[in-house]
Number of protein chains: 2
Amino acid sequence: MRVAFLGPRGTYSEEAALQHASQASQLVPFGSIAAVIAAVGEGAADQAVVPIENSLEGAVTHTADLLIHGTDLLIRREIVLPIHHCLLVQTGFTLPLVRVVYSHPQALAQCRGYIAEHLPEAEPVASLSTAGAVKDMGSSTRPAAAITSRRAAEIFGARIFAHNIEDAANNKTRFVVLAPNDAEPTGRDKTSICLDFTEDAAGILHGALGELASRGINMLKIESRPDRRSLGRYIFLIDIEGHREDAIVEEALRGVRNRAALFRILGSYPQPDA
Amino acid sequence: MRVAFLGPRGTYSEEAALQHASQASQLVPFGSIAAVIAAVGEGAADQAVVPIENSLEGAVTHTADLLIHGTDLLIRREIVLPIHHCLLVQTGFTLPLVRVVYSHPQALAQCRGYIAEHLPEAEPVASLSTAGAVKDMGSSTRPAAAITSRRAAEIFGARIFAHNIEDAANNKTRFVVLAPNDAEPTGRDKTSICLDFTEDAAGILHGALGELASRGINMLKIESRPDRRSLGRYIFLIDIEGHREDAIVEEALRGVRNRAALFRILGSYPQPDA
C-alpha cells in the first residue's frame, strides 16, 4: 500500500504516517496538503495522511475545506500524535555557546520558556519545517542548535541533547487517514459530518442537535466556519459518537439531512484510545 | 491611550492595531500574545489587540484559551483585516535572477502559485514573521526577494515589486481589542460567550441553543475545544447577535447560564461592517 503524507521526511506528519502504515507500506511525501489528497484521487497513492488540527506543519484549516469541497475521499482513521520536541546541538558546542536556534516558528514558540532558560544567547531563526531545522543547523556558520522531532534526529543521525523541551505538556496534533472508503463498524466509532446554513444558525443547529439528543447520541466536537466558496454561507463540522451504519445513527443523520441544504458524511472510523 | 500589539513592527498585527488606534494613541509591541494581554493587566497598556482567527503571526488557538482562563479583560471591538501580500526584490535584480524568497511559512504557502510562476528559480526560506522577511532579504548573500505586508515595506523604505500576490482571494485575519470594559450597545452588536460541558454535549448544546432559537437570536459562530485545564472537559465558544444588555439577549443568556457549569461572557461589541 502507498501512503501519501505531507513531507519532507522527518516531520511529525511522517511520524503519523509511520504509525498508520504497515511494514509493507510505502510512504510517499508530497509538498502540500492539497497535493497529498490529490495523490489518492489520481492513483499515485492508496491512502493519504493529513494533519487536521493543531499542526506545526501547514495551514490545517485548509484540510477541512478540502474535505468538504475538494475530494470524495472519506476519513477512515484518526491518529492523535503527542508532539514532543527535541533539542539538537552542533557537535563540539555546549548550550551557553549556542548563538542561533533553528525551528519552525510554531515549535520555537512552543519552546519559548526552554530557550529563555537554557539558550539565553541564542537567536531564534525560522525554518520551513522542524525537519528543515536540522539542515539549517548543519549549514550554520554560527554555533547552532535545532528544535525538531525525534524522528528527524534519527533520520539525520543527529545526537539528541534534550527530550521533551516543549513548555506545555499535552501538546497534540490530530491527523486523519483518507481513502476511497471509510472504516467498518467496530462498536466504538465516531462519524464526522458537515452541513451548511445561510441564516438562522441557532434554529437549524438546534433542530439538528435535537435529532441527536433525542436519540442519546453524543456530540464529540463542533465547529462552524465560513464556506470559502460562497460569501455569507457557513458550514458546521460535527463529530458524533457511533458509526453511520449503526441503525440509530443512520436514523438521526437522515433527520439532520432533511434540515440542511448541504449535508455530507466525511466518514465513520474508530474512536482513538483515550 | 497605549495599545499593546503582537510585534515586531510591520506585521499584520500592527496594521490591525493602527486601524484601531486614534492619532493620539501610542502603539507598544510585545513578543507574544500572552505578553500582549498581560500588559493591560499590569498597567503597561490600556488596550490589547490580538489575532484570534487565521493569523500568520502566532498560535492563535491560544488567544481563545487566554480569554477563557488567563484574563478578566473583555472584547470591546473586532477588526477584520484583509491579508494582502506584497513582493519585494533586492535592488538591481529581476525576477528570473532571484534565488531565494523569504517569508513566514504560512505566507510562503499562501503565495505558492505566484512563486512557482514568477520565481521558478527561488528557494523558499522561512522567516519568523513577514516583517522579519524584509531584514532577511537585506542580509541575503544570494539574489533575494521577500513576501511581506505593504506596511512592512513602507517601514523599511522598500520598493514594492508586486501587490496582492496571494493565490486565494478573500484571505482575512480577525483581531479583537481587549480592555477592562466591553463596548456600549449600538443597535448592531454581537456577544461572545463560552460555556463548558463534560458529557452529553448534544443535549446541553441543544438546550442552550433552544434558549437562543426560541427568542429568534441568531448564532454567528460556534466552536468546541478541549479545556486545556482539565482532561475530558470541553468548552463551547459561541458568538451571537445582539448586546448582552439587550433585554431579550440578557434573558436568553440567563437561560443558557443555568444550563452550563461554567459560563462566561467574553464581551459585547459592534458587528463589523459586512
Side-chain angles (χ1 to χ4, degrees), chain A residues 31-34 53-54 57-59 61-62 102 104-106 108-110 112 124-129 132-133 136 168 170 172 197 199-226 228 231-232 234 236 238-241 274, chain B residues 31-34 53-54 57-59 61-62 102 104-106 108-110 112 124-129 132-133 136 168 170 172 197 199-226 228 231-232 234 236 238-241 274:
Chain A
S32 70
I33 292 174
E53 213 178 315
N54 180 32
E57 298 149 1
T61 48
H62 294 338
Y102 294 96
H104 188 284
Q106 286 191 26
L108 290 173
Q110 291 175 359
R112 199 189 305 270
V125 170
S127 298
L128 273 180
S129 68
D136 290 341
N170 214 11
K172 290 173 180 169
F197 60 96
E199 52 185 20
D200 188 25
I204 289 173
L205 187 59
H206 179 247
L209 292 177
E211 302 282 349
L212 303 173
S214 66
R215 292 175 179 88
I217 298 171
N218 200 12
M219 186 181 68
L220 299 167
K221 188 177 157 61
I222 182 167
E223 197 186 331
S224 69
R225 65 170 67 221
R228 304 204 302 168
L231 214 65
Y234 289 78
F236 293 117
I238 301 176
D239 288 355
I240 63 171
E241 274 183 350
Chain B
S32 70
I33 291 174
E53 214 178 314
N54 180 32
E57 298 150 3
T61 49
H62 294 337
Y102 293 96
H104 188 285
Q106 286 191 27
L108 290 172
Q110 291 175 358
R112 200 189 304 271
V125 170
S127 299
L128 274 181
S129 68
D136 291 342
N170 214 11
K172 289 173 181 169
F197 60 96
E199 51 185 19
D200 188 24
I204 288 173
L205 187 59
H206 179 247
L209 291 178
E211 303 282 349
L212 302 173
S214 67
R215 292 176 180 86
I217 298 172
N218 200 13
M219 188 181 66
L220 299 167
K221 187 177 158 62
I222 183 169
E223 197 186 332
S224 70
R225 63 171 65 220
R228 304 205 300 170
L231 215 66
Y234 288 79
F236 292 118
I238 302 176
D239 288 354
I240 62 171
E241 274 182 348

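Below, chain A is the first sequence line, B the second, and so on; all start at residue 1.
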*Which bit of B:Leu108 is near chain A, if near means a heavy-atom gap under 4.5 Å: side chain, backbone, both or neither?*
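The side chain, not the backbone.
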Taking all heavy atoms of [X] and all of [Y], pick out the closest pair and write down the distance.
| X | Y | value |
| --- | --- | --- |
| B:Pro105 | A:Ser127 | CG-O, 4.2 Å |
| B:Asn218 | A:Ala202 | OD1-N, 3.8 Å |
| A:Leu209 | B:His206 | C-CD2, 3.8 Å |

*CD/A:Glu223 to CZ/B:Phe236 distance, rounded to the nearest 0.5 angstrom?*
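Going from the CD atom of A:Glu223 to the CZ atom of B:Phe236 covers 12.5 Å.
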*For A:Arg112, enumerate each residue passing the side-chain hydrogen bond (donor to acceptor under 3.5 Å, both in side chains) test, keeping only those at least two apart in sequence or located in another chain.*
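If we apply the side-chain hydrogen bond (donor to acceptor under 3.5 Å, both in side chains) test to A:Arg112, skipping adjacent residues, there are no hits.
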*asked:* Using the side-chain hydrogen bond (donor to acceptor under 3.5 Å, both in side chains) criterion, which residues pair with A:Glu211? Sequence neighbours excluded.
replied: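 Partners of A:Glu211 under the side-chain hydrogen bond (donor to acceptor under 3.5 Å, both in side chains) test: A:Arg215, A:Arg259.
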*With a 4.5 Å cut-off on heavy-atom pairs, point out which of B:Met219, B:Glu241, B:Lys221 contacts chain A the most.*
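Option with the top pair count is B:Met219.
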*Check whether A:Ile238 gets within reach of chain B through its side chain, its backbone, both or neither, counting any heavy atom under 4.5 Å.*
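No part of A:Ile238 comes within 4.5 Å of chain B.
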*Heavy atoms only, distances under 4.5 angstrom: which of A:Ile222, A:Ile240, A:Val125 has the most pairs with chain B? Name it, please.*
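Counting heavy-atom pairs under 4.5 Å, the top option is A:Ile222.
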